[in-house]
**Q** 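The structure follows.
These values consider heavy atoms only, across backbone and side chains, with no hydrogens, waters or symmetry-generated copies. In what follows, every chain begins at residue 1, and chains take the letters A, B, ... in the order their sequences are listed.
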Amino acid sequence: MEIPSKYNSQEVENKILKKWLERGCFNADRDSFKKPFCIVIPPPNITGILHMGHALNNTIQDVLVRFMRMKGFASLWMPGTDHAGIATQNVVERELAKEGLKKEDIGREKFLEKLWAWTDEYGTTILNQLKSLGASCDWRRTRFTMDEDYSEAVKDVFIKLYEKGLIYRGNYIINWCPRCKTALSDEESAHKEIDGWLYYIRYPVKQKRSEAKPNEGTAGRDYIIVATTRPETMLGDTAVAINPDDKRYKWLKEMTVILPIVNRELKVIEDAAIDLEFGTGIVKVTPAHDPVDFILGKRHNLEFINIMGDDAVLNENVPDDFIGMDRFEARAALLEVLEEKKLIEKKQAYKISAGHCYRCHTIVEPRLSLQWFVKMKPLAKEAIKVVRKDKIKFYPARWKKVYLNWMYNIQDWCISRQIWWGHRLPVYYCKTCQQKKTESRKLTPESLKGVIVSKVKPEKCPQCRGNDICQDADVLDTWFSSWLWPFATFYWPNKEKSKDLKYFYPSDVLVTASEILFFWVARMIMAGLEFKGKIPFRDVLIHGTVRDDKGVKMSKSLGNTIDPLDIIDKFGADSLRFSLMLSAASGSDVYLSDDKFLVGRNFANKIWNATRFLLLKIRENNFEIDNLKLKNLNEIDRWILGQLNNTIDKVNNELENYRINEATKASYDFFWHTFCDWYIEIVKDNFTLDKAKVLIYVLLNSLKLFHPVMPFITEEIFQIIKEQTSLDIGAFIVNSSWPAKYKLNRVDKNTKKLESVIETIKTVRNIKTDLNLGTKKVKLQVKLKEEDKKFWEVNRGWIQRLTFSESIVFEEKLKRVLYENDLWQVNLGIRDIDTKNFLSSLEKKADNLTKVLDKVAARLANEKFLRNASRQTIENEKNKFGELTVQVGRLKSLIKAFGSSK
RNA sequence: GGGCGGUUGGCGCAGCGGAAGCGCAUCUCGUUUACACCGAGGGGGUCGUAGGUUCAAAUCCUACACCGCCCACCA
């Protein structure tokens, strides 16, 4: 069979993928003879399409899973998808909008039908894209956060926490997205600085000026000035506040202030939280629309006036003129009125740090509302301990601090969402019991009267026996289901179905970007400890962000993305993976541009052609390769096997420490620059059956080293080797065993000679370049000891070829020496030579080495050095001094012989 | 405001106490028994700045500067 000279990734990858899937190569089952290794995938959103971030994240996981699989572990990569509440609902809402409909038009039930239909149609798109990336998940096990069993786990957890008193319902200021019309958790509100204004507004004082005690500072005025960035919220003001120690406003303490436009009377409260330095030192207090004011409101028993609806449009709690206006419209209108009334003292440009909805980027409105929360402090306690004690380790380690810092300051988690797509809260209300409550502007603790927390709808209210019962309309935060992912995917808490859980839990490593450290990683740790009593994973591997070549984060909205599917099309999944792994220094961001992927493509082609060459030679020679028992090894063979051993060690070590880029680089360097550049070149013209076996042996083991990073091409070549030899090497490389070191039982005396020859070849090439000889063939004259002649004799052929020489002759005496090392001297058989370049490169070398030599000499002459440095260090320096002296001596005498250019 | 990173050749990174390295880019040469998606070579860096510790500092310490993240209730 002819092998084409270019590797065709498209053709190969589809074919190989199909075989793997058909033969269940990725399946992982409980096996009492194997140790488990498990990674749970960060479930992509069902709305997702594969982007570079996914490609990076999942390639890392796949490399680890494939590595451990080959190492003989029952290596499970658990796949699945996340229902992604708000994100998915938004997508389907947009679809609906194309028909001119809103979700309310068709109702909850119909809307959910559409969502499920959408899920069925597009929900697995990303999983198929992961397959084409080569992701070796056990696809039989694919789970979805809204699967029936999974939903049971979610309800279960809610009830457990509720019964433990860790879930409560209450009126608090939460982050509200007026576009998605739902509450958000603190984490879902991303703070960004925006340009705004700080307005200074005059509020009149009710009491007549004469009644005011005339003394310090601002006392003489009949108004006060407050500063605000969100003037429209003043319509909900119910007080103004000052610091009790603020001498400037002592006079104000007994006064009443009139809220302009609304004409509500505001009392003046004193609170130590007020910053004397900021603004005017007087704060307008809007308890229903600002988190700080909310606390003040509770502390001082103020009225809470909610002035906005769920879409941030002002409601009937504001003067008629403003009702129905959007918050920003209202701001403009209000400022106009204030301007007219001359109530604006001044405004100054100001950077506001405003929360933005992490799904639609709308500015979040702090809003008082009745929501469900999880008490986090008790859950955080253990989760802090396991990380502090390194039961869970972060890679890179610095993330430990970030994690702990967040955990120490953790806030309660708002888990109810006013959307339709998600897990309904397992909460029911008895309308009869609830009606007894009274409407009030005063904030009262939310009574649990009429609240029934239950997995299924109760027939009757346990309190009043009434049957007018309805389920809470809200759904749970998406992360309230994702935080169970490491064990709910194994059908926890169903005892019957979750047998694998015992075997595979805890998983070994979680691979993720830092963005979801708090959203997901921290919460999984808490959930694992709370519900399973065990950590969910031992290691957390945090990789960087994917950026473009200018360092800007890749994002769809900026249009600077590189589509991984395009790269797969053009260069192949292996190239994509290889280049990603090579550029992804552990934990640092990845800068990508199209040409980065050429490295991967070129390397794939290199592997391909090396294989092609070997198989070609084997066929030419009619060699029958039916075993890999290596025989008649000479020093060259032992040298390459030793180099392979070193590489295996290095790759093992690096992969075990999650330094995939280092592992990738090590195997790349070995294969290209040692195996191809030297070994193959050396044995080319002495291609015996024994050599062919060494070549195939090294090739096969190299393929195995590459396989985790480049699964497709390595599998394809593995299959070709199987086809073209009689070797019994197993069905698939994906299920084959990881390379072991070749047993080399003696230290080779000739290794030094071989390495000196390689050094000599390199130098001769340099000299020829310097002498402008190009590829001209000249005689290579060598003066060497009798005992080394045999070595040169045996290896004459390839040394001659690689030095581009017409012949090699041994001389008793050289007319001149162009190169010299510990073992031999070399001259080239030419008469007239242009020594200019040669001399200058010699001089440059000599200069550099002399500088170093001087330093070493000075060090050795330094008494303090001899006194303080370790014996070993001094010994090293002495050796270095000796070597350098010899080298410099050689160079200097060479320069002298050719007549210095200086 | 607090915290965490980073600053090494044009670009991206490694090195983290004893002779400045790698990949890409660049330049020169090359129709060599696979591969031009190749081979052989070359040029290019006083390791952000200023101090300090040390016999010795890119490497440890302290400030500072710039860049980038994250957290935070400065209205």
Side-chain angles (χ1 to χ4, degrees), chain A residues 3 5-7 173 186 191 198 226-230 233 241 273-275 277-286 290-296 350 352-353 366 396 398-399 401-402 405-406 409 514-515 517-518 545 549-551 571 575 582-583 585 587-593 595-596 598-617 620 661-662 665 668-669 676-677 680-681 684-685 687 762 765-766 768-770 772 774-775 801-802 804 837 841 848-849 851-853 855-856 858-859 862-870 873 876-877 880 883-884:
Chain A
I3 302 174
S5 77
K6 283 200 166 68
Y7 169 61
I173 289 273
D186 293 346
H191 283 260
L198 185 60
V226 298
T228 180
T229 54
R230 289 154 62 219
T233 61
I274 308 305
D275 185 350
E277 307 294 317
F278 192 89
T280 58
I282 307 178
V283 182
K284 59 185 268 314
V285 183
T286 321
D290 185 277
V292 183
D293 295 4
F294 173 75
I295 294 165
L296 291 176
Y350 194 74
I352 309 166
S353 171
R398 65 184 136 92
W399 291 104
K401 284 188 217 162
V402 179
N405 184 49
W406 187 75
N409 300 302
S514 60
E515 284 99 307
L517 185 61
F518 306 139
T545 307
D549 54 350
K550 291 176 196 74
F571 305 127
S575 306
L582 201 61
S583 338
S588 60
D589 290 348
V590 185
Y591 288 61
L592 291 178
S593 52
D595 59 335
K596 276 259 163 74
L598 292 175
V599 185
R601 184 202 58 176
N602 295 353
F603 186 51
N605 199 243
K606 186 75 183 180
I607 303 172
W608 186 255
N609 274 290
T611 308
R612 190 166 77 101
F613 178 65
L614 298 190
L615 293 177
L616 208 77
K617 296 290 272 186
E620 268 176 16
N661 63 321
E662 293 293 332
K665 195 172 145 29
Y668 170 89
D669 280 344
C676 290
D677 286 355
I680 292 183
E681 287 304 324
K684 246 178 193 176
D685 57 1
F687 200 89
K762 284 185 185 168
R765 286 168 176 169
N766 279 343
K768 291 183 81 173
T769 305
D770 284 342
N772 283 325
T775 48
R801 181 161 42 84
L802 298 185
F804 308 106
N837 290 336
S841 78
N848 286 338
L849 283 182
K851 267 184 215 154
V852 180
L853 180 62
K855 258 202 223 162
V856 176
R859 204 171 290 159
N862 186 340
E863 242 178 76
K864 285 181 183 169
F865 171 72
L866 296 173
R867 215 180 317 132
N868 293 317
S870 73
T873 307
N876 290 346
E877 290 299 308
K880 204 189 289 171
E883 277 168 40
L884 284 166

**Q** Just how far, in rounded Å, is P of rA19(B) from CD of E877(A)?
**A**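 About 6 Å, once rounded to whole Å.
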**Q** Would you check if I173(A) and D293(A) make a side-chain contact, meaning some heavy-atom pair closer than 4.5 Å?
**A** no
**Q** Suppose you measure atom P in rU54(B) against the same atom in rC16(B); what distance do you get, rounded to whole Å?
**A** 24 Å
**Q** Taking the P atom in each of rU49(B) and rU28(B), what is the distance between them to the nearest angstrom?
**A**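 That atom pair is separated by 33 Å.
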**Q** Rounded to the nearest 0.5 Å, how far does CG of N862(A) lie from CG of N868(A)?
**A**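 Answer for the CG-CG pair, N868(A) versus N862(A), is 8.5 Å.
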**Q** Is any side-chain heavy atom of R230(A) closer than 4.5 Å to one of I352(A)?
**A**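 Side-chain contact under 4.5 Å: no.
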**Q** Could you tell me whether the phosphate oxygens of rA19(B), OP1 or OP2, come under 4.0 Å of any side-chain nitrogen or oxygen in K855(A)?
**A** no
**Q** Under 3.5 Å, which N/O atoms of the protein pair with N/O atoms of nucleotides 67-75 of chain B?
**A**
{"from": "rA75(B)", "atom 1": "OP2", "to": "Y350(A)", "atom 2": "OH", "distance (Å)": "2.7"}
{"from": "rA75(B)", "atom 1": "N6", "to": "D275(A)", "atom 2": "O", "distance (Å)": "2.7"}
{"from": "rA75(B)", "atom 1": "N6", "to": "F278(A)", "atom 2": "O", "distance (Å)": "3.3"}
{"from": "rA75(B)", "atom 1": "N1", "to": "D275(A)", "atom 2": "N", "distance (Å)": "3.2"}

**Q** Taking only nitrogen or oxygen atoms into account, show me every contact under 3.5 Å that the protein makes with nucleotides 53-57 of chain B, one pair per line with its distance.
**A**
{"from": "rC55(B)", "atom 1": "OP1", "to": "N868(A)", "atom 2": "ND2", "distance (Å)": "2.9"}
{"from": "rC55(B)", "atom 1": "O2'", "to": "N862(A)", "atom 2": "ND2", "distance (Å)": "2.9"}

**Q** Considering only atom C1', compute the distance from rA56(B) to rA20(B) and round it to an integer number of Å.
**A**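 Looking at atom C1' only, rA56(B) and rA20(B) are 16 Å apart.
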**Q** Using atom C1' in both nucleotides, what's the gap between rU7(B) and rA50(B) to the nearest angstrom?
**A** 16 Å
**Q** Expressed as a whole number of angstroms, how long is the span from N766(A):CG to rG39(B):C1'?
**A**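 The answer, rounded to whole Å, is 14 Å.
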**Q** Would you say E620(A) has more than 12 foreign heavy atoms packed within less than 6.0 Å of its CD?
**A** yes
**Q** Using a 4.5 Å cut-off on heavy atoms from C-beta on, say whether the side chain of I607(A) contacts that of Y7(A).
**A** no
**Q** With sequence neighbours excluded, what pairs up with R612(A) under the side chain to side chain contact (heavy atoms under 4.5 Å, CB included) test?
**A**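 Partners of R612(A) under the side chain to side chain contact (heavy atoms under 4.5 Å, CB included) test: I3(A), S5(A), N609(A).
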**Q** Among residues at least two apart in sequence or on other chains, which ones pass ring pair (Phe, Tyr, Trp, His ring centres under 6.0 Å) with Y668(A)?
**A** F578(A), F603(A), W672(A)
**Q** What stems show up for RNA chain B when you take Watson-Crick pairs (N1-N3 plus N6-O4 or O6-N4) and G-U wobbles (N1-O2, O6-N3), both under 3.5 Å, and require three or more consecutive pairs?
**A**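 Stems for RNA chain B, defined as runs of 3 or more consecutive pairs: B:1-7 with B:65-71, B:10-13 with B:21-24, B:26-30 with B:38-42, B:48-52 with B:60-64.
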**Q** Taking the same atom, P, in rC4(B) and in rC61(B), what whole-Å distance lies between them?
**A** 13 Å
**Q** G281(A) and I274(A): which non-hydrogen atoms are nearest, and at how many Å?
**A**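 Smallest heavy-atom distance, with atoms named: O-CG2, 3.6 Å.
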**Q** Mind checking ring pair (Phe, Tyr, Trp, His ring centres under 6.0 Å) for W406(A) and listing every partner two or more places apart, or none if nothing turns up?
**A**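 F518(A).
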**Q** Across the strands shown, which category fits L849(A) at heavy-atom distances under 4.0 angstrom: base, sugar-phosphate, nothing?
**A**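 Counting heavy atoms under 4.0 Å across all strands, the contact made by L849(A) includes a base.
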**Q** Tell me, with the steps shown, if E883(A) and K880(A) meet salt bridge (charged side-chain N to carboxylate O under 4.0 Å, His left out).
**A** CA-CA 5 Å; E883(A) 277 168 40; K880(A) 204 189 289 171; over 6 Å; no
**Q** P atom, rC73(B) versus rG2(B): distance in rounded Å?
**A**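 Here rC73(B) and rG2(B) have their P atoms 16 Å from each other.
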**Q** Quick one: side chain to side chain contact (heavy atoms under 4.5 Å, CB included) partners of S575(A), sequence neighbours excluded?
**A**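 Only F571(A), R601(A) meet the side chain to side chain contact (heavy atoms under 4.5 Å, CB included) criterion with S575(A).
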**Q** Name the pairs: protein N/O against N/O of nucleotides 21-23 of chain B, kept only if under 3.5 Å.
**A**
{"from": "rC22(B)", "atom 1": "O2'", "to": "K665(A)", "atom 2": "NZ", "distance (Å)": "2.7"}

**Q** What pairs with F613(A) under side chain to side chain contact (heavy atoms under 4.5 Å, CB included), at least two apart in sequence or on another chain?
**A**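 For F613(A), the residues satisfying side chain to side chain contact (heavy atoms under 4.5 Å, CB included) (neighbours in sequence not counted) are K617(A), I680(A), K684(A).
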**Q** Answer whether the closest heavy-atom distance between the side chains of T611(A) and W608(A) falls below 4.5 Å.
**A** no
**Q** I want to check something: taking the side chain as every heavy atom from C-beta on, are N661(A) and L582(A) in contact at a cut-off of under 4.5 Å?
**A** no
**Q** Holding to salt bridge (charged side-chain N to carboxylate O under 4.0 Å, His left out), I want the full list of residues that pass it with D669(A), two or more places apart in sequence or in another chain.
**A**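 For D669(A) the salt bridge (charged side-chain N to carboxylate O under 4.0 Å, His left out) partners, ignoring immediate neighbours, are K665(A).
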**Q** Could you run down nucleotides 25-37 of chain B 5' to 3' and tag each one B, S or - for protein heavy-atom contact under 4.0 Å?
**A** -------BBBB-B
**Q** Mind checking side chain to side chain contact (heavy atoms under 4.5 Å, CB included) for K6(A) and listing every partner two or more places apart, or none if nothing turns up?
**A**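 With neighbours one apart ignored, the set is N605(A).
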**Q** When you compare the side chain of D290(A) with that of T233(A), does any pair of heavy atoms fall below 4.5 Å?
**A**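 Heavy-atom side-chain distance check fails, nothing below 4.5 Å.
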**Q** Could you give the distance separating rA19(B) and rA25(B) at their C1' atoms, to the nearest angstrom?
**A** 28 Å
**Q** Can you tell me, in whole Å, how much space there is between the C1' of rG44(B) and that of rC38(B)?
**A**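 Approximately 25 Å lies between the C1' atom of rG44(B) and that of rC38(B).
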